[in-house]
Amino acid sequence: MRYIFYMASGLGLFIFQSAVMPCFSESEKFYDILIPFVLYLSIFCPFIEGIMVILIFGFLMDSMGGGVFGLYMISYVWIFIGMRRIMGVVHIDSFLSGPLTGLGVLLEDAIVFGLFRYLGNGNPLPEDAFYILSIRLAWAVATGSIVVWGLRYFHKLCDEQSWRLSAKFAK
Amino acid sequence: MFFKKALMFASLMILAVGGIIAISFFGMRGYSPVGIGAVPVMAPVQKTVSRVVYAIKDVWNHYFFLVSAAKQNDELKKALGDVLEQNNQCKETSLANIRMRYMLNFRKKTGQEVLVAEVIAKDPSPWFKSLIIDKGTQDGVKKGLPVVVPEGVAGIITEASKRYSKVQMIIDRNAAVDALVQRSRARGILKGNSAGQCLFQYVPRKHDVEVGDTLISSGLDGVFPKGLRIGEVAVVNKSGTGIFQEVFVSPYADFEKLEEVLVVLNPPKYEVTDDEDEE
């Protein structure tokens, strides 16, 4: 049931972000909604399992996106590792998940800008980069904890369903 | 004994008949001497009772009877929703029809083999501008083919799978189109800029470029057919010290609202012939 939760929630967020959100104008200024998912995995998921799930969804995003292949995979892995390091220092609760999502967005965009720089494509920072980044950060801080809370609730539902099923079979 | 019974029966009959006659008589006359005295006494009671009855009826009609009204309301709302949905579908079909006609006209005008593809997803990142379309190699799409819309150039196929393809839009930072200013024939390279605009680069300062000029594809990049509209010059900046001027271009295609695109399947290739080599 745990794997079903990982796949269902990740795919749900992926499809929402790539097919539903583009229907709304200005949606591109919204942050990568898989970042709270990565944050959630880093908090509640064992390391190996988390890395595997992250690589799968990083692969999906890289296949879909217009950037260099591997960009999202690398970003997600670094966010995952970074969050686990932070977890060792501070206790991450729902209050902190918003700012930490913002931190994840910042890290992902830093990798993108680093890539622009590495590829030598003129100015590494687009003209409106700070404006877009600030909007993305604001969205991430404001709604990141809601996404994490939603994932936690969905996970709880899946666990309850799993216990019910196992109890039914035990009888 | 029999006489007494007959007398009683006759009296009763007379009373009954007399009563009927009296009622008929007073009724015809329009008034009743008993009623006149009874009205002031009975009217307030009647009024109160009728008010109570009306109140109960009112409550019944407005609250209890509303159960059925609410049911009817729900049914009507559902019917209205269905009609609105049908109306919306008709509007969508009509709009799609207009777009398709526009694309058909474009196809006739250009005379090139083009394939209509639907946009099914977009890159969610603000830093990369790409689309996924629902046509792939099985439909004849391959890497490097130009993608256009009736308004102008849209992008280029960067990856193609069997049924889907990825399109890099011209506003992507990594995209470039060889372009000409239609009026003055000044040539340069159009590059994407993340602000939804493009940068017309490598145009010498002496070349004539003005705000409002139309940019067309030159065809020299070997990707886009010559003469396709790209955009309009929005800003011309010659204040710098470099040898090139800075020109910003607003693309004609509205990349926020792209729903269908056209993939040019047989773009004309510029081939260098032996005669041209000798020249």
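Numbered from 1 within each chain, the chains take letters A, B, ... in sequence-line order. What you see below is based on every heavy atom in this structure, not just the backbone, and it leaves out hydrogens, waters and symmetry mates.
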Side chain to side chain contact (heavy atoms under 4.5 Å, CB included) partner of B/P126, chosen from A/I132, A/D32, A/L133: A/I132

Contact class of A/M64 relative to chain B, heavy atoms under 4.5 angstrom: both

For B/I132, which atoms come within 4.5 Å of any heavy atom of chain A: side chain, backbone, both, or neither? side chain

Flag if over 12 foreign heavy atoms under 6.0 Å of NZ, B/K238: yes

Quick check: are there more than 12 heavy atoms from other residues, nucleotides or ligands sitting under 6.0 Å from CZ of A/F44? yes

Chain B contact via A/L71 - side chain, backbone, both or neither, heavy atoms under 4.5 Å: side chain

Please check: side-chain N/O of B/K166 versus main-chain N/O of A/S63, any donor-acceptor pairing under 3.5 Å? yes

Please check if the number of heavy atoms outside A/F69 that lie under 6.0 Å from its CZ is greater than 12. yes

For atom CE of A/M52, decide whether the heavy atoms of other residues, nucleotides or ligands shown that lie under 6.0 angstrom number more than 12. no

Contact winner vs chain B - A/M21, A/M61, A/R136, heavy-atom pairs under 4.5 Å: A/R136

Need one label for A/Y72: side chain, backbone, both or neither, based on atoms under 4.5 Å from any heavy atom in chain B. side chain

So with a 6.0 Å cut-off around CZ of B/R163, is the heavy-atom count from everything else above 12? no

Count the heavy atoms belonging to other residues, nucleotides or ligands that lie under 6.0 Å from CZ of A/F14, then report whether that count exceeds 12. yes

How close do A/G65 and B/S130 get, counting heavy atoms only, and between which atoms? C-OG, 3.8 Å

